[in-house]
Amino acid sequence: MSAYAMTVSITIGIYVILAISLNIITGYAGQISLGHAAFFGIGAYASGMLATRLGAPFFACLPFAVVVTGAVGAILGIPCLRVKEDFLAITTMGINFVVQAIFLYIPFFGGALGIANIPAPSIHGAEMTKSAYLAMVLLFVLFAILVDGWLTRSWAGLALASIREDETAAEMSGVNITRFKVVAFVLGSAMAGLAGSLYAHFMSFISAADFGFTESIVILSMVVFGGIGTLRGPIIGAIILGLAPELFRPVLDYRTFVYGTMLVLLMRFQPQGLLGLDSFIVRNAKRIFTRRAA
Amino acid sequence: MLAQQIVNGITIGSIYALIALGLTMVYGVLKILHIAHAGVYAMGAYLGLWAYCMVPNLFVAMIVAMTLSGVAGTLIERLLYKSMLDKSRIVPLIASIGLFIAMEEAFRLIAGPYVRAFPAHFRQKPWIFGPVRISAPQMLVFGVTLALLALLWWVLTRTRMGKALRAVSMDREMAEALGVATDRIISLSFFISSALAGAAGVLVGIFYNSVYPTMGDIPAYKALAIIVLGGLGSIPGTIFGAFLVGISETFLIGFVNIPLPRDALAFIVMIAVLMFRPYGLFGKE
Amino acid sequence: MEHLLEIDAISKHFGGLKALENVSFTMDRGEILGLIGPNGAGKTTLFNLITGRYPVTSGTIRYNGKDLSGMGPSQVAAMGIGRTFQIVRPFAGLTVITNVMIALGVSHYAGFWNSVSRYRTPASLKAARKILARVGIAGYAQQKSENLPLGLKKHLEIARALALRPSLILLDEPAGGLRKEEMDRLIGLVREINGEGTSVLVIEHNMPVVMQLCKRIVVLDHGTKIAEGPPEAIRNNRQVVEAYLGRTGDA
Ligand SMILES: Nc1ncnc2c1ncn2[C@@H]1O[C@H](COP(=O)(O)OP(=O)(O)OP(=O)(O)O)[C@@H](O)[C@H]1O
Ligand SMILES: [Mg+2]
């Protein structure tokens with residue numbers, strides 16, 4: 001595998017984790033978030049700052065980032081509990097702008113210079129190679145998939161689904177909607193923090209610009225593109241849209257245009273996403289398989 | 001100094017109002033967050049510039065920009081949103097964001113990535129009223145905004161069409177049951193709001209003497225913050241929110257040197273308000 | 001022995017609107033109590049107060065002697081009060097059996113280990129199927145609930161309420177919008193459930209249905225209680241007749 005292919009794979013792996021984490025909040029619990037990149041950023045900053053300021057090793061920074069981001073997710077989840085639907089969507093977007101502004105304007109966070117020289121992880125004094133890093137990222141992807149699979153099979157996952165479908169009916173069925181929304185926010189944010197930590201130590205340099213609203217939209221499009229509310233959807237979405245910039249390299253100048261147009265066309269003609277429930281592909285695959293079985 | 005800040009704040013606020021009003025009207029009838037509205041706004045600026053280069057007359061440029069923007073908005077509604085009303089609300093949202101991205105890129109590919117000046121000429125000397133100086137472009141912004149707001153108010157309150165529009169915005173199904181041609185009214189509201197956005201684009205292009213592909217970015221987010229602050233779908237709330245944000249921006253930047261950028265401020269105000277009034281200042285549950 | 005439900009001088013104001021004003025009545029264990037009144041009388045609002053959806057403006061609600069004030073809807077549900085909605089609201093995108101499972105989980109949503117355990121266990125599936133069979137919709141278990149006809153959606157809502165193992169269920173216009181046969185099935189079902197020991201508080205506009213089901217009726221009009229008693233007495237009560245006729249006269 002070339003170094004270039006490895007870099008692309010690592011980036012896509014990080015996006016897969018991000019898409020899975022956002023899908024917990026938006027796909028399973030139905031709480032539209034337009035600010036997920038804020039949590040990605042908080043994880044990256046927490047990890048990068050602990051490493052550069054206090055010289056902590058990567059394997060201490062990563063759990064630290066997860067805990068900090070989860071905690072911030074709980075705190076920022078509180079204002080999010082007050083508002084619903086479109087008000088929530090715009091509130092999360094606002095949170096993204098404010099968090100980004102804090103990174104950019106408060107000297108403690110390095111201001112416009114960001115955080116530089118974040119060390120790559122090392123094992124027994126030897127710096128991790130790119131292929132080892134890729135293997136590690138894939139392990140964390142697997143971990144995210146396991147967490148997701150566990151969640152959707154648990155009573156907690158059922159509670160999230162009920163909130164997505166109808167909050168009032170959920171409450172009347174005994175679901176404490178406040179508690180489970182917080183569960184979704186914390187779990188989703190903590191997982192985004194994990195992705196942030198992986199990103200920071202891979203890039204070695206991070207700045208506020210990496211975690212803006214546009215990045216939130218990129219993550220959300222991955223979830224929706226692949227098929228929101230399923231596990232396969234965000235994974236496929238992150239892989240396809242993560243590869244898109246590479247695939248469109250020959251038409252470099254048009255690639256953002258193509259990206260936007262693709263989103264519009266998909267929502268117009270296949271709003272469930274590529275592999276969502278009831279999508280064209282899934283419907284036909286089901287038909288073919290049931291025919292074989294018969 | 002103080003009076004001057006207020007005047008500057010009102011100028012900014014009136015531009016915000018023009019953009020946000022359209023957004024709130026569209027939200028009222030369709031319950032859609034129409035992010036691509038800011039794309040229509042930038043398109044209006046380009047159309048105005050193009051028209052002005054053909055016929056150097058501001059009035060003509062304005063009419064051309066407003067009409068074509070209106071048509072563009074109506075097409076967006078007909079071709080895109082119309083089929084998405086029964087889908088989950090994230091579907092039109094993502095479509096709208098995708099469209100906004102594609103529009104900005106289209107402007108860049110067609111007109112080039114650089115900032116274009118708006119070659120309108122004005123008298124150099126500002127008007128002076130006591131302590132307040134008002135430049136000619138500022139006067140233009142005021143004049144046109146006031147005229148458009150007055151026109152909008154007249155249409156909404158005094159015409160059958162406007163009454164029907166407000167009825168649809170209050171309760172679409174009920175209006176339909178009462179015999180309102182909701183389809184036409186919805187398209188109409190897209191036409192009006194997109195025309196307003198187009199006008200705002202031209203005004204901003206003239207006021208800052210610059211037209212560029214991503215000029216819709218900041219208005220897109222800020223107009224969303226404003227309409228949410230005002231209580232999604234509420235017209236008085238939106239006007240109030242627009243001036244509140246416009247004035248507090250000029251004040252806080254002018255006087256208190258807060259360490260946050262002006263563009264995050266609208267969101268801080270919005271989040272603070274939502275904590276006490278989760279449905280916005282003028283919103284109802 | 002104390003009453004199952006005590007509504008004690010309840011008022012609920014929405015801004016200037018007095019949706020309920022000083023309403024009191026009690027309900028005994030095992031009873032089917034009817035709650036009637038013209039449109040806008042405050043019936044649904046009373047359900048929303050009992051279930052903790054809105055806080056009361058004043059007054060107290062006691063259930064099994066315990067004050068319900070300050071409790072959220074999920075706590076009230078966990079105490080064993082189930083309800084259905086005037087305009088049905090099943091979890092539309094989920095299957096019928098999943099709808100019931102959600103309410104069966106009421107005992108699992110509290111502790112951490114409880115809520116992270118698997119929900120599809122043989123025991124829970126069996127319990128859910130049993131409830132579906134109880135209300136006669138076992139055949140639809142794997143259907144998406146939005147595809148059920150209205151009558152069966154109402155059965156599903158009852159199933160969901162029963163999954164809370166309630167001692168009281170609140171039915172908001174169960175017969176509303178149903179055809180005659182559907183209505184008869186539903187009345188039969190409510191009777192059976194009541195026969196198995198669950199108390200029922202039912203809002204209903206259809207007088208024959210109320211008269212068949214209830215031994216006692218409470219009548220609300222414009223937020224106040226105007227009458228209470230057995231069906232025959234209610235039918236002949238002048239104030240009640242006027243409340244309804246006055247209403248028809250308006251329309
Ligand atoms: N959340 C609310 N906010 C404001 N007013 C409300 C609210 N809920 C109910 N009301 C008002 O309270 C009054 C009583 O309404 P309620 O729904 O309890 O009537 P009802 O007896 O159930 O009528 P119906 O037979 O039509 O269902 C009505 O005037 C209604 O508009
Ligand atoms: Mg009612």
Side-chain angles (χ1 to χ4, degrees), chain A residues 26-27 30 32 34-35 76 78-102 104-107 111 164 213-214 216-217 220-221 223-225 228-229 253-273, chain B residues 27 31-33 35-36 39 79-81 83-84 87-106 108-109 217 220-222 224-225 227-229 231-233 258-272 274-280 283 285:
Chain A
T26 303
I32 296 183
L34 298 177
L76 292 182
I78 294 167
C80 291
L81 292 171
R82 294 272 297 153
V83 289
K84 280 192 186 141
E85 298 178 345
D86 292 327
F87 287 94
L88 173 68
I90 305 302
T91 300
T92 53
M93 173 175 171
I95 286 176
N96 200 159
F97 276 96
V98 175
V99 167
Q100 196 189 16
I102 288 172
L104 193 57
Y105 285 82
I106 293 186
R164 176 190 66 217
F213 175 62
T214 318
S216 295
I217 295 307
L220 184 61
S221 340
V223 175
V224 176
F225 195 93
I228 191 165
D253 205 34
Y254 293 88
R255 74 181 183 192
T256 315
F257 179 74
V258 173
Y259 184 87
T261 311
M262 219 159 62
L263 284 184
V264 175
L265 292 178
L266 191 81
M267 288 301 100
R268 176 69 182 76
F269 297 107
Q270 195 65 170
Q272 314 84 339
Chain B
Y27 188 87
K31 306 287 176 284
I32 277 181
L33 291 173
I35 312 260
L79 300 180
L80 205 56
Y81 295 150
S83 66
M84 299 177 172
K87 304 279 177 346
S88 117
R89 51 215 309 135
I90 201 162
V91 170
L93 182 67
I94 297 288
S96 189
I97 290 171
L99 181 62
F100 181 44
I101 296 173
M103 283 176 91
E104 283 196 339
E105 283 296 301
R108 184 180 65 81
L109 292 167
D217 277 355
Y221 319 139
K222 216 174 281 178
L224 285 172
I227 67 169
V228 167
L229 174 67
L232 283 171
I258 55 160
L260 286 178
R262 151 192 200 132
D263 298 324
L265 187 73
F267 284 110
I268 296 176
V269 175
M270 178 197 85
I271 294 173
L274 287 184
M275 290 311 98
F276 298 99
R277 296 190 57 93
Y279 295 91
E285 195 165 333

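Below, read A as the first sequence line, B as the second, and so on, with proteins coming before strands; counting in each chain starts at 1. For clarity, every value in this text was computed on a predicted model and none was experimentally measured.
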Of all of [options], which one pairs up most often with chain A through heavy atoms under 4.5 Å apart?
options: B:K87, B:K31, B:R89, B:M103; answer: B:R89
options: B:D217, B:L232, B:L79; answer: B:L232
options: B:G280, B:A106, B:G98, B:A36; answer: B:G98
options: B:I32, B:L93, B:L80; answer: B:L80

Is [X] in contact with chain B via its backbone, its side chain, both, or neither, using a 4.5 Å heavy-atom distance?
X: A:L34; result: side chain
X: A:F225; result: neither
X: A:I90; result: both
X: A:I95; result: both

Go through the atoms of [X] and report whether side chain, backbone, both or neither lie under 4.5 Å from a heavy atom of chain A.
X: B:L33; result: side chain
X: B:I271; result: side chain
X: B:I97; result: side chain
X: B:I227; result: neither
X: B:M275; result: both
X: B:Y81; result: neither

- What do the steps show when you test A:M93 against B:L224 for side-chain contact (heavy atoms from CB on, under 4.5 Å), and what is the final call? CA-CA 10 Å; A:M93 173 175 171; B:L224 285 172; 3.6 Å; yes
Would you sort out whether B:L109 and A:F257 count as a side-chain contact (heavy atoms from CB on, under 4.5 Å), showing the intermediate values? CA-CA 9 Å; B:L109 292 167; A:F257 179 74; 4.1 Å; yes
Please examine the side chains of [Y] and [X], heavy atoms only from C-beta on, and report whether any two atoms are closer than 4.5 Å.
X: A:S221; Y: A:Y259; result: yes
X: A:T26; Y: A:V223; result: no
X: A:I228; Y: A:Q272; result: no
X: B:S83; Y: A:R268; result: yes

To check you understand the geometry: which heavy-atom pair defines the closest contact between A:D253 and B:R108, and what is its length?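 Reported closest heavy-atom pair: O-NH2, 2.8 Å.
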- What's the shortest heavy-atom distance between A:V264 and B:A95, and which atoms?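 Between these two residues, the closest heavy atoms are CG2-O, 3.6 Å.
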ask   = Which word best sums up how the rings of B:Y279 and A:F87 line up, parallel for under 30°, tilted for 30 to 60°, or perpendicular for over 60°?
value =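 Geometry flag for A:F87 against B:Y279: perpendicular rings.
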Between A:I32, A:L266, A:T261, A:I78, who has the most heavy-atom pairs with chain B when the cutoff is under 4.5 Å?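 Among the listed options, the one with the most contacts to chain B is A:I32.
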Practice task
Starting at CZ of A:F97, measure out to CG of A:L104 and round the result to the nearest 0.5 Å.
Solution key: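 If we round to the nearest 0.5 Å, A:F97:CZ and A:L104:CG are 12.5 Å apart.
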